[in-house]
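Any value given below was found using the heavy atoms of this structure, including those in side chains, with hydrogens, waters and symmetry copies removed. FYI, the numbering just counts along the sequence from 1.
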Amino acid sequence: MTQNRSPEPDATTGPEARLGRLEAQVATLAEAVRVLARGLENIPSKDVPPEEAERGARLAHELLLSQGL
């Protein structure tokens with residue numbers, strides 16, 4: 001997996017900007033995990049079509065890509 005980094009080096013970025021970027025990345029990762037988990041949930045009393053898992057994986061992947069992760 002490649003990382004899309006900002007063109008400016010980290011040395012010139014202040015700690016607040018780096019912390020803000022890190023917080024945004026963690027929030028994006030958490031949302032991707034929630035979407036993926038939702039797609040993989042399997043309720044024993046209910047038939048879950050395999051398309052649900054595919055949809056969750058696709059959405060999680062698109063979310064990560066949209067944020068450059």
Side-chain angles (χ1 to χ4, degrees):
M1 181 188 295
T2 60
Q3 290 181 329
N4 295 335
R5 302 197 71 186
S6 64
E8 59 185 82
D10 285 339
T12 61
T13 305
E16 295 84 14
R18 289 191 308 245
L19 181 59
R21 188 169 59 241
L22 180 61
E23 288 173 341
Q25 290 173 339
V26 168
T28 300
L29 288 171
E31 181 61 24
V33 168
R34 275 192 293 274
V35 168
L36 186 56
R38 214 174 298 129
L40 294 174
E41 283 179 338
N42 190 1
I43 301 170
S45 64
K46 188 174 163 184
D47 288 335
V48 178
E51 295 84 24
E52 287 298 314
E54 293 170 6
R55 182 176 180 272
R58 186 176 59 253
L59 288 174
H61 185 244
E62 290 172 359
L63 181 62
L64 294 173
L65 287 177
S66 74
Q67 297 299 312
L69 297 175

Below 4.5 Å, heavy atoms only, C-beta onward: do Leu29 and Leu64 meet side chain to side chain? yes

Working to the nearest 0.5 angstrom, can you tell me the gap between Gln67 CD and Arg21 CZ? 13.0 Å

Residues that Leu22 engages under side chain to side chain contact (heavy atoms under 4.5 Å, CB included), provided they are two or more places apart: Gln25, Val26

Applying salt bridge (charged side-chain N to carboxylate O under 4.0 Å, His left out), name anything that partners Arg34, two or more places apart in sequence or on another chain. Glu31

Euclidean distance, Arg38 CZ relative to Arg55 CZ, rounded to 0.5 Å: 9.0 Å

Where do Ala32 and Ala60 come nearest, in terms of heavy atoms and distance? O-CB, 3.5 Å

